Asks: 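Sharing a structure with you now.
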Amino acid sequence: MTQTTVNGQHTRKPDHEVIIIGVGMCGIYQLYRLVELGVDVTALEGSAGIGGTWYWNRYPGCRFDSESYTYGFSFSKELLSEWHWKERFSPQPENLKYVNYVADKFNLHKHIQLNARVKAAHFDETHNLWQLSLEDGRQMTCRFLLTALGLLSTPTMPRIAGAADFKGQSFHTFYWPHEPVELTGKKVAVIGTGATGVQVISEIADKVKELTVFQRRPNWCAPLNNSPISAEEMDQIRAKYEQIFTKCSQTPGGFEHEPDRRGFYEVSREERLALWKRLYGEPGFGIWLSNFREIFTDEKANAEFSEFIADNIRSRVKDPVVAEKLIPKDHGFGIQRVPLETRYYEAYNRENVHLVDLQETPIECITPTGIRTTKQEYDFDIIVYATGFDAMTGAFDRIDIRGVGGQQLRDKWVEGPTTFLGLQISGFPNMVMLAGPQSGSSATNFPRGIEVCVDWATKLLQFMWQHGYTRMEATPEAEERWSKHVAAMYNMVLMRKAKSWFTGYNSNVDGHEFGKIRHLVYNGGAPKYFSTITEVAGRDYEGLVLS
Ligand code: NA7
């Protein structure tokens, strides 16, 4: 670190002007933008490879729920013309290849440090820079700290006694081993039936000897309706990329799917059913996002639609007792994240697949040979924990982040996050969360949102450099306004009642109880969010103090 003078003030020159933490989709794009500008930047990745979600989640069945061609980066025409998405909903190995292809193509690897896990980040108020400590003992400083930590990158294990004593193989889906896992002839348990559990169960049901699913609460699932993309189809997609991305920028979720704008009660029941039957047969989130808007806000409309889905489950699952267990009774369709499935319900028609309802017979403990419920003991070779994540704030909590006056971020956020635009935090200067809690990107088809946030952050940094500023910080008032706005948005959607990570619930994390909402997600829709942050930038970053 060397001494320098900025605007007549004596200051220290940091090791790097910018450090990005995390090299998943978000970190890669931010790195690309800064390298393109010739900025002194390094990106620290805690893992042994880049890709974030697509590096870690190697469990069978892991794939996009977003249409592949809406998930890829939009910033490079050349990249768009080169890459062939082979499936409408691309699987993890292909997605990891894509991420590496992008990093290779734009020569980003030389700016990335792998196995560089950040342990602490402390703001140095005297010199307006961040001091980072890595787990390997290294220290680094930067003027601006950009976090690209991922939304679901801190997996949580259930708090069940005895897990460490199990003698077979066991892992959280996030940590599915890199080397092949032999499933043939094995007795396998899966705990958890969220989007991940549903993918893994569907994929392995016909590969294992016995599969036992431990379900605490069922989810409302809908068909993915995946299909291959031929070379000809890919050419057609390439020809319309501009329209596709424009459309995504105009819809609340950043997908091509847009709500049916007819009023639920203005059309007949027959017309509603006709729409739902069509959507059930179509690919992706259409069944959720191209539905009537009342599904998200009106209990009665939601209940009628939920019954339509329940009937589909009943018709697909042969055993009526099992079918009823797979139908959620405590919440309506789409109030929690909808898992998209491929023959998930049919898996329960197989003789080797068994469903254990944990509401009837809770797990007592994991034993050296399997799982014991209040009713019986089961033997397993493999236990798969598909038990979810400490969503959004978990990755921040894992790092000892300290801002002005030594305040710890995890203390500030103990009751839930408060932010300005989901991008900055009062008391934590010179830090931008590229995909933070309360940002629009976190509630959309992820890359569509992050491209906007990264572009916003890049322009902000350019503004700082152009004006010779070395410090930026959200005001407490701006943060309070935004956080109240985010909280108010929750009141408008049925999702506020969800017992899911959308409301910050996680039974495996202290303080994340049900009913104590943590306002993690911005529910105002992508277009509104994007126009808000653009307006803030247009008013020379009103809400931030720049000096
Ligand atoms: P989710 O959606 O949080 O699902 C976790 C699942 O694990 C859910 O079914 C939980 O039941 C279950 N769970 C959690 N803890 C336990 C314990 N202790 N015992 C039994 N069952 C438990 O995580 P996913 O990984 O499936 O999906 C995360 C996101 O990835 C998803 O939203 C997509 O965006 C992609 P519960 O419902 O809490 O009763």
Side-chain angles (χ1 to χ4, degrees), residues 24 52-54 56-59 61-66 71 89 92 95 150-163 171-176 189-202 212-221 224 253-255 284-285 288 325-326 328-331 334-341 344 355-366 371-374 383-392 394 435 441-446 449 495 497-510 512-515 520-521:
T53 290
W54 307 114
W56 282 106
N57 289 281
R58 292 165 190 246
Y59 62 85
C62 180
R63 60 175 66 246
F64 292 155
D65 285 338
S66 305
Y71 188 97
F89 302 97
Q92 176 271 335
N95 307 343
L151 309 180
L152 300 164
S153 54
T154 309
T156 47
M157 287 289 281
R159 298 193 266 204
I160 304 174
F171 25 79
H172 192 287
T173 43
F174 186 79
Y175 295 121
W176 190 278
V190 175
I191 303 178
T193 49
T196 302
V198 166
Q199 284 187 332
V200 76
I201 291 161
S202 312
T212 308
V213 176
F214 291 85
Q215 172 188 273
R216 191 162 65 182
R217 288 184 316 134
N219 269 291
W220 293 101
C221 312
L224 177 68
F255 291 91
F285 280 133
W288 195 17
K325 286 186 197 301
L326 291 167
K329 304 290 189 302
D330 69 335
H331 67 282
I335 304 311
Q336 298 183 181
R337 160 64 147 90
V338 175
L340 293 181
E341 46 88 21
Y344 173 65
L355 180 65
V356 176
D357 183 345
L358 297 180
Q359 294 181 38
E360 289 174 359
T361 57
I363 295 176
E364 278 187 349
C365 64
I366 310 284
I371 294 176
R372 188 194 302 148
T373 66
T374 49
I383 300 178
V384 178
Y385 296 98
T387 44
F389 299 87
D390 185 355
M392 296 205 185
S441 60
S442 56
T444 59
N445 185 9
F446 191 50
M495 208 187 73
K497 300 183 174 177
K499 203 172 182 183
S500 87
W501 66 262
F502 273 28
T503 52
Y505 160 76
N506 185 323
S507 68
N508 307 311
V509 181
D510 285 336
H512 293 205
E513 289 89 22
F514 181 54
L520 300 181
V521 175

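Whatever order the structure lists ligands and atoms in, that order sets their numbers, starting from 1. Because the structure is a prediction, the values reported are computed rather than measured.
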Asks: Under a 3.5 Å distance rule, please check whether T503 uses its side chain to pair with a backbone N or O of K499 as donor and acceptor.
Replies: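 No, the answer is negative, given that no donor and acceptor are paired below the 3.5 Å cut-off.
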Asks: Between atom OG1 of T173 and atom CG of N57, what is the distance when rounded to the nearest 0.5 Å?
Replies: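 Rounded to the nearest 0.5 Å, the OG1-CG separation comes out at 6.0 Å.
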Asks: Hey, which of R216, E513, R159 is the one that makes side-chain hydrogen bond (donor to acceptor under 3.5 Å, both in side chains) with S507?
Replies: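 The single option meeting the side-chain hydrogen bond (donor to acceptor under 3.5 Å, both in side chains) with S507 is R216.
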Asks: Should the ring pair W56 and F174 be called parallel, tilted or perpendicular, given that the plane angle runs from 0 to 90° and is split at 30 and 60?
Replies: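 W56 vs F174 ring planes: parallel.
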Asks: For R372 and E364, indicate whether the former's side chain and the latter's backbone hold a donor-acceptor pair under 3.5 Å.
Replies: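 Absent.
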Asks: Can you list the residues that meet the side chain to side chain contact (heavy atoms under 4.5 Å, CB included) rule with T156, with sequence neighbours excluded?
Replies: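 T156 satisfies side chain to side chain contact (heavy atoms under 4.5 Å, CB included) with D390, N506, N508, V509 once adjacent residues are dropped.
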Asks: As a test of reading the model: which residues have a non-hydrogen atom less than 4.0 Å away from ligand 1?
Replies: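 Those residues closer than 4.0 Å to ligand 1 by some heavy atom are L152, P158, I191, G192, T193, G194, A195, T196, R216, R217, R337, L358, A386, T387, G388, F389, W501, Y505, S507, N508.
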